[in-house]
Amino acid sequence: MLLPEAFYYRNDVTRIARDLIGKALYTRLDGEITAGLIVETEAYSWKERGCHAYDSRMTQRNAVMFDEGGHAYVYLCYGMYNLFNVVTNRKGKAEAVLIRALEPMEGVNIMQDRAGVQHSKRITSGPGKLTRALGIDRTHNGVPLRSRQVWLADVGYKVGKKEIVASPRIGIDYAGEDAQLPWRFILKDNEWVSK
DNA sequence: TAGAGGATTGAT
DNA sequence: TCAATCCTCTAC
């Protein structure tokens, strides 16, 4: 079942980041469907320094974060990796959830081909890797998450509160104190969580 | 318009 | 620990 628009409109990005654990991300590109269960996320908000839209500073790159929740924010990191985010909250309130790792569900052979490997290990266990596996790139920036190309769904996977572990976010030392916020969420003991 | 640096990754 | 790789943002 597609996640409803109201799921994204909520004014609490960390809650949404938690709720996304155990949901599924799908893509359908050239008729090929690939999907994975979300096992790791990070929340970002205009209120803190880790965020591209800190202090509500809008640039050409982050503009989609200021749009209505329920869109994709995809940008290039370190010159070679596309990172996929779920835009949340209402128009003008720049918040997003970075999807950091997936457990492969559907189209595993297609994902292996895109990763250039013969086995399924570790092909979606990181934010740069999962976009490659699902075929997501910057052409998907701004795409609605209820579209035919990219969508998020509840597949009936149940996650208990105790199965979600919070910790500081990765790779944002430049954010000072805000780097300590426990805004990274993982599905406990899942082998697909990033290193 | 130049220069610095980055929400990563995999090899050393 | 380090380089790959190039886009984005800031400052001049």
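Note that the coordinates shown come from a computational prediction; the quantities given were computed from them, not determined experimentally. All chains are named by letter (A, B, ...) in the order of the sequence lines, taking the proteins before the strands, and each is independently numbered beginning at 1.
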Practice task
Inspect the surroundings of CH2 in A:W46 and state if more than 12 heavy atoms from other residues, nucleotides or ligands are less than 6.0 Å away.
Solution key: no

Exercise for the section: For A:Y44 and B:dA7, say yes or no: do the ring centres fall under 5.5 Å of each other while the ring planes differ by less than 30°? Expected result: yes

Problem - Closest listed nucleotide, where the reference is the side chain of A:Y174 and the choices are C:dC9, B:dG6, B:dT8 - result: B:dG6

Handout entry: More than 12 heavy atoms of other groups within 6.0 Å of A:K23 NZ
Key = yes

Practice task
Quick one: list whatever passes salt bridge (charged side-chain N to carboxylate O under 4.0 Å, His left out) with A:E191, sequence neighbours left out.
Solution key: A:K121

Problem - Derivation of the side chain to side chain contact (heavy atoms under 4.5 Å, CB included) call for A:Y73 and A:R61 - result: CA-CA 9 Å; A:Y73 170 41; A:R61 179 178 66 164; 3.7 Å; yes

Practice task
Represent DNA chain B in dot-bracket notation, 5' to 3'. Only Watson-Crick or G-U wobble pairs with both distances under 3.5 Å count; pseudoknot-style crossings use [ ] and interstrand partners use |.
Solution key: ||||||.||||.

Exercise for the section: Could you identify which residues of residues 93-130 of chain A place a heavy atom less than 4.0 Å from some atom of DNA chain B, listed by residue number, or say none? Expected result: A:L98, A:R100, A:G126, A:P127, A:G128, A:K129

Distances under 3.5 Å between nitrogen or oxygen atoms of protein and nucleotides 10-12 of chain C:
residue, atom, partner, partner atom, Å
C:dT10, OP1, A:R57, NH1, 2.8

Handout entry: Rounded P spacing from B:dA2 to C:dT5 in Å
Key = 23 Å

Problem - Distance in angstrom units between A:Y54 OH and B:dG6 P, rounded - result: 17 Å

Handout entry: Side-chain touch A:N89/A:V13, heavy atoms, less than 4.5 angstrom
Key = no

Handout entry: Positions of residues 63-91 of chain A (non-hydrogen atom under 4.0 Å from DNA chain C), listed by number
Key = A:L76, A:Y78, A:G79, A:M80

Exercise for the section: Could you tell me which residues satisfy side chain to side chain contact (heavy atoms under 4.5 Å, CB included) with A:D19, sequence neighbours excluded, listed by chain and number? Expected result: A:F7, A:R10, A:R15

Exercise for the section: Identify whether any heavy atom of A:G50 sits under 4.0 Å from a base atom; if not, whether one sits that close to sugar-phosphate; answer base, sugar-phosphate or nothing. Expected result: base

